[in-house]
Colleague: 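Take a look at the following structure, please.
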Amino acid sequence: MNNSVIPFIAAPDYAHTDAWLSALQVAMPEFRIASVDALTPEEKQTLTVAIVANPDPAVLQQLPKLVWVHSVWAGVERLLMDLGHTELKIVRLIDPQLADTMAEAVLAWTLYLHRDMPRYARQQKVAQWLSHEYIPPQRKTVSLLGLGALGKAAAARLQLAGFQVCGWSRHPKALDAITCFHGEEGLIHMLNRTDILICLLPLTAETRHLLNLKTLQQLPQRASLINFGRGLIVHDENLRIMLDSNHIQHAVLDVFEHEPLPADSWHWHHPGITVLPHCSAPTDRQTASAIVAAHLRSYMQSGAIPDSVNVAQGY
Ligand code: NAP
């Protein structure tokens, strides 16, 4: 095990490589954090771990002894797709700061929908003075698809804000003051009672297009949607049908199949959509670097690799 240098490998066009190299170096001064280009041929032959941000798989192949990689992102679908069948262990970022930032975004955009802000903004444009019935949060159900590191933190924040909160996961869960559902039948039961649906699922073979006509129709009339997970979890054209028929009142979308969202995409101008530029929960370089550093120190001392992604499951 070579424990003096740790490579940071990002996508070739990634704009923040230098900022990450500095933040990681500050967090672990006992190691040399370097880009692959700065490694000696001997280092390339011996390194067993790398820190990654959507690396080019061909670059990883320059490190034949690599056993595991620590990603600085929470979502791993792109990495899994790029790597294909791999023996490499993939550790993803689990950072309480990220969960907190996401919980804040979930609360902010839930309140945006709860207090009818898109509707009042539309009314202002036509100088219309008209108030709508107020329904308190205690009489509204906000449901989370996904009760993982991010979903659980968001659920707790929504519950504190007074909403009835439900959550859906693959495995059964019991969480304080949150009504938990799992499995296909559980999904339908949850959707049937939901006013605001929030997606915090990972993109996997099972969750791709999970939100389609069949499932979206299970929501009550005039429900709303927030997608903070991944674009492909929502079937775009099916969502459009549900918005055009007013079955779904409004959708806040932070993630899209193609990012940046192309200028000619219908989403930009649809009155039922709020477009966000994948900004709900950015990774905090400082806290993420501290977490990666703790994992690497422990590995260098004991050989322990943190829990890794279940490649077959896709998250
Ligand atoms: P996580 O800890 O792995 O949690 C994933 C949750 O989804 C778990 O509760 C899991 O169920 C559930 N799940 C997965 N597949 C399912 C299925 N087929 N049916 C039902 N439930 C399923 O992930 P996380 O850290 O919370 O992150 C979630 C996602 O958020 C990431 O993958 C990423 O795509 C997205 N994200 C977005 C942003 C942004 O800025 N927009 C930022 C960070 C992350 P179990 O608990 O039963 O396993």
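One-based numbering, in listed order, for ligands and for the atoms of each.
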Colleague: Please state whether Leu200 comes within less than 4.0 angstrom of ligand 1, counting heavy atoms only.
Modeller: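 It does, in that a heavy atom of Leu200 comes within the 4.0 Å cut-off of ligand 1.
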
Colleague: For ligand 1, is there an N or O atom under 3.5 Å from any N or O atom of Thr204?
Modeller: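 The answer is no, given that Thr204 and ligand 1 share no N or O pair closer than 3.5 Å.
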
Colleague: Which is closest to atom 40 (O) of ligand 1 in terms of heavy atoms, Ala99, Ala281, Gly151, Ala105?
Modeller: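 Answer by nearest heavy atom: Ala281.
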
Colleague: Considering Ala154, Gly167, Ala149, Pro202 one by one, which has a heavy atom nearer to atom 7 (O) of ligand 1 than any of the others?
Modeller: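 Comparing heavy atoms across Ala154, Gly167, Ala149, Pro202, the nearest one to atom 7 (O) of ligand 1 lies in Pro202.
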
Colleague: In terms of side-chain geometry, is the basic nitrogen of Asp100 or Arg157 positioned less than 4.0 Å from the acidic oxygen of its partner?
Modeller: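 Yes, this pair counts.
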
Colleague: Look at Lys65 together with Glu43 and state whether they make a salt bridge at an N to O cut-off of under 4.0 Å.
Modeller: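 The answer is no: the pair does not qualify as a salt bridge.
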
Colleague: For atom 6 (C) of ligand 1, which protein heavy atom lies nearest, and how many Å away is it?
Modeller: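 That would be Gly148 N, 3.7 Å.
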
Colleague: Taking N or O atoms only and a 3.5 Å limit, does Trp168 qualify as a polar contact for ligand 1?
Modeller: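 Checking ligand 1 against Trp168, no N or O pair falls under 3.5 Å apart.
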
Colleague: Would you call the rings of His70 and His295 parallel, tilted or perpendicular if under 30° counts as parallel and over 60° as perpendicular?
Modeller: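 The rings of His70 and His295 lie parallel, inter-plane angle below 30°.
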
Colleague: Indicate yes or no: does Arg230 engage Glu77 in a salt bridge with an N to O separation below 4.0 Å.
Modeller: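 Glu77 and Arg230: salt-bridged.
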
Colleague: When you compare ligand 1 with Val255, is there at least one nitrogen or oxygen pair between them that comes in under 3.5 angstrom?
Modeller: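 No, no N or O pair falls under 3.5 Å.
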
Colleague: Looking only at distances, can you tell me whether any N or O atom of Leu98, backbone or side chain, sits closer than 3.5 Å to an N or O atom of ligand 1?
Modeller: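 By distance alone, the answer is no.
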
Colleague: Considering distance alone, does some N or O of Leu147 sit under 3.5 Å from an N or O of ligand 1?
Modeller: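 Leu147 vs ligand 1: N/O contact under 3.5 Å present.
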
Colleague: Identify the protein heavy atom lying closest to atom 11 (O) of ligand 1, giving its residue, its atom name and the separation to 0.1 Å.
Modeller: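 Protein heavy atom with the smallest distance to atom 11 (O) of ligand 1: Arg170 N, 3.2 Å.
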
Colleague: Consider ligand 1: state whether an atom of it lies below 4.0 angstrom from any non-hydrogen atom of Arg92.
Modeller: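 Arg92: in contact with ligand 1 (<4.0 Å).
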
Colleague: Using heavy atoms and a 4.0 Å limit, tell me yes or no: is Lys173 in contact with ligand 1?
Modeller: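 Yes.
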
Colleague: In the protein, which heavy atom is nearest to atom 48 (O) of ligand 1, and how far is it?
Modeller: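 I find the closest protein heavy atom is Tyr315 OH, 2.5 Å.
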
Colleague: Against heavy atoms of Glu206, which atoms of ligand 1 measure under 4.0 Å?
Modeller: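 The atoms of ligand 1 under 4.0 Å from a heavy atom of Glu206 are 18 (N).
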
Colleague: From atom 35 (C) of ligand 1, work out which of Gly229, Gly75, Gly314 has a heavy atom at the shortest distance.
Modeller: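 The residue whose heavy atom sits nearest atom 35 (C) of ligand 1 is Gly229.
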
Colleague: Looking at ligand 1, does any of its N/O atoms fall within less than 3.5 Å of an N/O of Glu77?
Modeller: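 No; the residue has no nitrogen or oxygen that sits under 3.5 Å from a nitrogen or oxygen of the ligand.
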
Colleague: Would you mind checking which non-hydrogen protein atom is closest to atom 22 (C) of ligand 1, with the distance to 0.1 Å?
Modeller: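 Scanning the protein heavy atoms, the shortest distance from atom 22 (C) of ligand 1 goes to Leu201 CD2, 3.5 Å.
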
Colleague: Does ligand 1 have any atom sitting under 4.0 Å from a heavy atom of Lys152?
Modeller: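 It does not, in that no heavy atom of Lys152 comes within the 4.0 Å cut-off of ligand 1.
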
